[in-house]
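The structure appears right after this line, and notes come after that.
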Amino acid sequence: MELEILTPERKLFSGEVYGIQLPGINGSFEILNKHAPLISALGTGKIKVLKDKTGNSVLYNINGGFAEVLNNKVAVLVEGAVEI
C-alpha cells in the first residue's frame, strides 16, 4: 500500500509499505494492505512504518494528528514529528 506522512512544513515519508502502526487517541492500531476506509485522530506517541514483512521499519515521535485510509492509500497528517 502507499503511505504519505506529512507535517505542515514538509513531507516526512512517501512510498510503498507493508503496514503502519499508529497511536490513536483511544489506543494504538495497525493498518495493513487493503484496509477498509478509515479516518482517525491520532494522539501523542510513536508511528512505526513497517517497510516490509521482514521487520525493516522506521519510527517517528508525533504530537498528534490525523490519518486517512482510502483506496489502499494512507495519508497521515501530523504535528511535531521527529524520526527516531
Side-chain angles (χ1 to χ4, degrees):
M1 76 180 164
E2 190 176 325
L3 170 66
E4 279 195 343
I5 302 175
L6 306 167
T7 71
E9 296 84 27
R10 63 189 170 102
K11 185 183 297 187
L12 285 179
F13 184 93
S14 181
E16 291 289 320
V17 298
Y18 172 70
I20 182 170
Q21 296 173 353
L22 298 162
I25 57 173
N26 291 321
S28 296
F29 63 98
E30 185 171 71
I31 298 170
L32 298 174
N33 198 28
K34 307 286 187 197
H35 197 284
L38 167 82
I39 294 178
S40 178
L42 303 176
T44 301
K46 290 184 174 73
I47 292 178
K48 185 175 185 179
V49 177
L50 308 168
K51 291 188 168 185
D52 55 39
K53 292 181 181 180
T54 63
N56 291 332
S57 63
V58 179
L59 290 171
Y60 298 95
N61 271 334
I62 65 164
N63 293 329
F66 292 91
E68 177 189 44
V69 181
L70 186 62
N71 298 326
N72 214 35
K73 294 180 183 175
V74 181
V76 181
L77 309 171
V78 297
E79 291 189 31
V82 177
E83 186 173 348
I84 307 173

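Atom-to-atom distance recorded for Asn33:CG and Glu2:CD is 12.0 Å, nearest 0.5 angstrom. Note that CG of Leu22 is 13.0 Å distant from CZ of Phe66, once rounded to the nearest 0.5 Å. To the nearest 0.5 angstrom, Lys34 atom NZ is 5.0 Å from Asn72 atom CG. To the nearest 0.5 Å, the span separating CG on Leu6 from CZ on Arg10 amounts to 11.0 Å.
Partner of Leu3 under the side chain to side chain contact (heavy atoms under 4.5 Å, CB included) criterion, chosen from Ile31, Leu50, Ile20, Ile47: Ile20.
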For Glu83 and Leu12: C-alpha separation, side-chain torsions, deciding distance, then whether side chain to side chain contact (heavy atoms under 4.5 Å, CB included) applies. CA-CA 9 Å; Glu83 186 173 348; Leu12 285 179; over 6 Å; no
Given the rule in the side chain to side chain contact (heavy atoms under 4.5 Å, CB included) test, do Phe13 and Val76 qualify, once you have shown the distances and angles that lead to the verdict? CA-CA 10 Å; Phe13 184 93; Val76 181; over 6 Å; no
Please report the C-alpha distance between Met1 and Val69 in whole Å, then the side-chain angles of each, then the deciding distance to 0.1 Å, and finally whether the side chain to side chain contact (heavy atoms under 4.5 Å, CB included) criterion is met. CA-CA 10 Å; Met1 76 180 164; Val69 181; over 6 Å; no
Report the C-alpha separation of Leu38 and Phe29 in whole Å, then their side-chain angles, then the decisive distance to 0.1 Å, and conclude whether the side chain to side chain contact (heavy atoms under 4.5 Å, CB included) test is met. CA-CA 12 Å; Leu38 167 82; Phe29 63 98; 3.8 Å; yes
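By the neighbour-count criterion of 12 heavy atoms within 6.0 Å, atom CD of Glu79 is sparsely surrounded, having that number or fewer from other residues, nucleotides or ligands.
Nearest heavy-atom pair, Tyr60 versus Val49, reported as atom, atom and distance to 0.1 Å: CE1-CG2, 4.0 Å. Pro23 approaches Thr44 most closely through the heavy-atom pair CB-O, 4.2 Å.
No side-chain heavy atom of His35 sits under 4.5 Å from any side-chain heavy atom of Val74. Side-chain contact between Asn56 and Tyr18 is absent, with no heavy atoms from C-beta onward closer than 4.5 Å. Between Ile62 and Ile5, every side-chain heavy-atom pair lies at or beyond the 4.5 Å cut-off.
With hydrogens and angles ignored, the 3.5 Å screen pairs no side-chain donor or acceptor of Asn71 with any backbone N or O of Lys73.
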